[in-house]
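Below is one structure, written out as structure tokens; the observations come after it.
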Amino acid sequence: MVDRPNVIVKRTPSQASTEAFQRIAKFASDAVEQRGKFSIALAGGTTPRMLYQTMAQGGNAEQIPWDRTDVFFGDERDVPHDDVESNYHMAQRALLDHVPIQPDRVYPMPANAEDLDSAAAEYEQTIRRVVPEGPDGVPQLDVVLLGMGGDGHTASLFPETEVLKEDKKLVASHFVEMLGRNRMTFTYPLINSARHVMVLVTGEDKADTIAKALGPDEPVRPLPIACVHPTGGEITFVLDYGAARNIEDQPQ
Ligand code: 6PG
């Protein structure tokens, strides 16, 4: 990571989730006020579940303009959407089933389609249809939420995979050797076009990797998360004490 992004550190995963929610709520109200709608791409894995549950809680849910919101997914596994492994399934159970969003404004990623390349291209067209372009002609989502794996992967951009070099497609499907599975994912051009990229990382098991990603030295094997550089927007890392354990100037 060359330019040091915003790094917010909170004591616990719950406080980090609340911080992330509060920021998303602000981005959403600004988006609706300035442009009449709000678009967000949700992250998968396990970390964001607490954030989604926080977003769905009582008073919090009312702070998001769900009737003006479009929800996408930054990546998805090659399983049906009702499979417990599905990122859509996790978000549906933790958030989407509990808020008044119109079903036709939730766009599950078709990572289990027969023809994955066509499905990825179709998903990209949907994003192009729904999300206004930014200055570089790429759809500019208001928020792209990301997590980070222990190897520094984010969305389904895994280390040393060809998809990291993709500079044309905005959504791509690829076979991930280390998983032995197909994944569908946003590529860097789409992620980097966002107004706000928010990376939520918690837990001591991520401390070494996040310290490398945020540190001044270029690691020998580049970490995909460290190559996220919004072209016109901003990137914020929201961490808990565990994840921030190896980062100087200890947490607030
Ligand atoms: C996925 C995610 C992925 C995730 C990291 C961290 O589909 O797995 O999109 O990029 O953010 O793997 O996952 P955890 O939050 O479970 O550690």
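Just so you know, these numbers use all the heavy atoms, side chains as well, and skip hydrogens, waters and symmetry mates. Counting convention: from 1, in listed order, for ligands and their atoms alike.
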Nearest-neighbour protein heavy atom for atom 8 (O) of ligand 1, which is reported as residue plus atom name and distance: R77 NH2, 2.8 Å
Sub-4.0 Å heavy-atom contact, A155 with ligand 1: yes
Within-cut-off N or O pair, T154 and ligand 1, under 3.5 Å: no
Ligand 1 contact on L146 by region, counting heavy-atom pairs under 4.0 Å: neither
Gap separating the CZ atom of F73 from the NE2 atom of H81, nearest 0.5 angstrom: 8.0 Å
Atoms in ligand 1 flagged as close to D75, the criterion being non-hydrogen separation under 4.0 Å: 1 (C), 2 (C), 7 (O), 9 (O)
Sub-4.5 Å side-chain heavy-atom contact between D70 and K37: yes
Under 3.5 Å donor-acceptor, T161 side chain and L157 backbone: no
Which segment of T46 sits under 4.0 Å of ligand 1 when only heavy atoms are counted: both
Parallel, tilted or perpendicular, as decided by the 30° and 60° cut-offs, for the rings of H196 and F27: parallel
Backbone or side-chain N or O of H153 under 3.5 Å from ligand 1 N or O: yes
E76 and ligand 1 - part of the residue with a heavy-atom distance under 4.0 Å: neither
Approximate separation, where rounding is to 0.5 Å, of R77 CZ and D75 CG: 7.0 Å
For K206, the ligand 1 atoms whose distance to one of its heavy atoms is below 4.0 Å: 14 (P), 17 (O)
Minimum-distance protein heavy atom relative to atom 6 (C) of ligand 1: M148 O, 3.4 Å
Side-chain donor/acceptor of S39 to backbone N/O of D142, under 3.5 Å: yes
Heavy atom of the protein closest to atom 13 (O) of ligand 1 (residue, atom name, distance): G45 CA, 3.9 Å
Residues E160, R221; criterion salt bridge (Lys or Arg N to Asp or Glu O under 4.0 Å); working and verdict: CA-CA 8 Å; E160 298 175 348; R221 198 169 80 143; 3.5 Å; yes
Joint hydrophobic cluster, M109 plus V131, side-chain heavy atoms closer than 4.5 Å: yes
Atoms of ligand 1 close to G147 [distance to a heavy atom under 4.0 angstrom, numbered from 1]: 11 (O)
Heavy atom of the protein closest to atom 15 (O) of ligand 1 (residue, atom name, distance): T47 OG1, 2.6 Å
Aromatic plane relationship, Y123 with F72 - under 30° parallel, 30 to 60° tilted, over 60° perpendicular: perpendicular
